[in-house]
Amino acid sequence: MSLEQDLLAQRHARVREIEALGFKPYGQRFDFTQTLDQIVATHLSATGEELEAARAVSPTGVSVKACGRIQTVRRMGKAGFVTVQQGNSRIQLYIRKDAVAENDYALYQILDAGDIIGCDGYVFRTRTGELSIHVERLYFLSKILLTLPEKFHGLEDIEIRYRQRYLDLIVNPDVRQVFLKRAKIIGSLRRQLEAHDFIEVETPMMQPLYGGAAARPFVTHHNTLDIDLYMRIAPELYLKRLTVGGLDRVYEINRNFRNEGVSFKHNPEFTMLEFYQAYSNYQGMIELTRELLREAALAANGATVCEYQGHQLDFGNIQTMTMQEAVREFAPAGTDWNVAGHELVHKFEQYCEPNLIQPTIICDHPVEISPLAMRKPEDPRFTERFEMFIAGMEVANAFTELNDPQEQRRRFEMQLEAREKGDDEAHRLDEDYLRALSYGMPPAGGEGIGVDRLTMLLTDNRSIRDVILFPLLRPESDIGMAAKLRALE
RNA sequence: GGGCGCGUAGCUCAAUUGGCAGAGCAACUGACUCUUAAUCAGUAGGUUGAAGGUUCGAUUCCUUCCGCGCUCACCA
């Protein structure tokens, strides 16, 4: 028998012991009166004397019913300390033989780190001043069968951290904070857009034709209809159909799927915010972007400035320059910046992109790479488009939407030519989209913001996998948990 | 897909030129009624990612495979 199975068998035997003591190892509702966060916040500054005095005045004044997962157990003869964690807080429980029922003490003696327990007790401070709960009654809520990683070093194996994120979250408190911040960022984006009268909509993830970006799609199949469907690479064309329908301000925060390489800034499924505002244009999007990012930074960090991989990023002061200006500034002296088309894009990617550390809006992209954006009236080689770069990453992409169906048809045909020349990521021609435009789409500005990348920047994580709860990995070979559990029966 | 690197006990890590696979934590037994990385005494725990090869002998060298990381390409 392997060690792992030996441990599992030990723990399983403990389940029977817990039952023999009259506790249920699983499945009990527990109506705690305070969370550990509340207990810690309430008594943060109370001294031991104050807590003792409060208890003398009213025994219920400092009494609590609380619960959490055991982090460490320190047993000493006829008493001991058990540190439990719940939410963002941990607190130690003090259990002594003469203060609890016999069964409760017997239970305490067989607790393992990782068990989930509850207690009744009162709040006090130990001799060393640590806020603690003096336990008067114990409850058993859930049994751990496996063993937690080491308490001091935590879990560092990056593969296990991604594969078993639940374990990562249990033992690495910083990871929890990253995902709390992520939720705050998304909440802030929603609040800002709602405040501007945008409504949240959901458009198809499975599409008969994919579009709105240049990328290879995932293909799936619907059995009953017997058709292939594509996982969307962007929601853009559906959201713009909604502006045709009179939903003037729409947004969607959801997953896009792109069948491309995986890297520190690419995950096959990623979260995109897209929004469209009728009667606006790309200048309007620049103004809105400044506001959204400023507020997101404040929501995440309480400041518009944050540190990212050693750089101070200022989300409250976003500069703007055209793509040509960027090449003029960053390319080696003598480089011809007064170019257009793919040549300009190439020079931009080569010389500028990695150097755009501070949040920077780059505008006026060549028409060749912008099939859905309106041309600039004063120079039709370029479009009313911008992308925002931060720390060398593209974080946002926006433009004045092309709403002329004739021009859109010609752009699609340009894309078809590119496809025939071997560009298998060129846009498809979407007849229904052209039909929608032919009913008249209001002038509009639209934008997409990469939520994962924004979260990376605001949480100082260099890998997109550290801001996605379950990043895509190759499936594990045999884990055999079912067989191991069956062996315990 | 290419290049480079990594994979040792449940976890974090050692192992000298190729020479008996080790430690701490976790686990188990015992002591201890204010500890906090509790302490102290003892016990047990290994297909060194997998398969093959070279060798008297392989964690160590070679080949293939698996997984992960970094990087390049791709990702307008």
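In the text below, chain A, chain B and the rest are named by the order of the sequence lines, each starting its count at 1. Note: hydrogens, waters and symmetry copies are ignored here, and every other heavy atom, side chains too, is used.
Between A:Arg74 and the phosphate of B:U35, there is no side-chain N or O to OP1/OP2 separation shorter than 4.0 Å. Contact annotation: A:Arg465 side-chain N/O to B:C70 OP1/OP2 distance is under 4.0 Å. Taking 4.0 angstrom as the limit, A:Arg125 places none of its side-chain polar atoms (N or O) nearer than this to OP1 or OP2 of B:U35. Contact check, A:Arg14 against B:C28: a side-chain N or O comes under 4.0 Å of OP1 or OP2. Dashed line: the shortest gap from a side-chain N or O of A:Arg11 to OP1 or OP2 of B:G10 is not under 4.0 Å.
Sorted by residue number, the members of residues 145-157 of chain A with any non-hydrogen atom under 4.0 Å from RNA chain B read A:Thr147, A:Pro149, A:Glu150, A:Lys151, A:Phe152, A:His153, A:Gly154, A:Leu155, A:Glu156, A:Asp157. RNA chain B is contacted by A:Arg385 of residues 378-389 of chain A, taking any non-hydrogen atom closer than 4.0 Å. Within residues 88-123 of chain A, the residues that have a heavy atom under 4.0 Å from RNA chain B are, in order of number, A:Gln92, A:Tyr94, A:Arg96, A:Asp98. Using a 4.0 Å cut-off on heavy atoms, the residues of residues 408-427 of chain A that approach RNA chain B are A:Glu425, listed by number.
Contact annotation for A:Gln10: backbone-only contact, meaning every heavy-atom pair under 4.0 Å involves sugar-phosphate atoms and none involves a base.
For A:Asp379, the salt bridge (charged side-chain N to carboxylate O under 4.0 Å, His left out) criterion is met by A:Arg381, not counting sequence neighbours. Not counting sequence neighbours, the partners of A:Tyr122 by the ring-ring contact (aromatic ring centres under 6.0 Å, His included) test are A:His134. Applying the side-chain contact (heavy atoms from CB on, under 4.5 Å) rule to A:Pro59 yields no partners; only residues at least two apart in sequence or on another chain are considered. Looking at residues two or more places apart in sequence or on another chain, you find a salt bridge (charged side-chain N to carboxylate O under 4.0 Å, His left out) between A:Lys376 and A:Asp364, A:Glu378.
In this structure, NZ of A:Lys78 is placed 16 Å from C1' of B:C34, rounded to the nearest angstrom. Here the P atom of nucleotide B:A76 and the CD atom of A:Gln350 are 18 Å apart, to the nearest Å. Between A:Lys265 atom NZ and B:C74 atom C1' there is a gap of 12 Å when expressed in whole angstrom units.
Taking the ring centre of A:Phe412 as origin, the terminal cationic atom of A:Arg409 falls outside the region bounded by 6.0 Å and 45° from the ring axis.
Within the 6.0 Å centre-distance limit, the rings of A:Phe81 and A:Tyr94 are counted as a close aromatic pair.
Among residues at least two apart or in separate chains, salt bridge (Lys or Arg N to Asp or Glu O under 4.0 Å) pairs with a member in residues 76-96 of chain A are A:Arg96-A:Asp98. Residue pairs meeting the salt bridge (Lys or Arg N to Asp or Glu O under 4.0 Å) criterion with at least one partner in residues 389-402 of chain A, sequence neighbours excluded, are A:Lys240-A:Glu401.
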Watson-Crick and G-U pairing of RNA chain B written in dot-bracket, each distance under 3.5 angstrom, with | for inter-strand partners:
(((((((..((((.....[..)))).(((((.......))))).....(((((..]....))))))))))))....
Would you tabulate the pairs of protein nitrogen or oxygen atoms and nucleotide nitrogen or oxygen atoms of nucleotides 6-8 of chain B closer than 3.5 angstrom?
none

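Spacing of P atoms, B:G52 relative to B:G57, comes out at 16 Å, to the nearest Å.
Set against B:U71, B:A76, B:U35, the side chain of A:Arg462 has B:U71 as its closest nucleotide.
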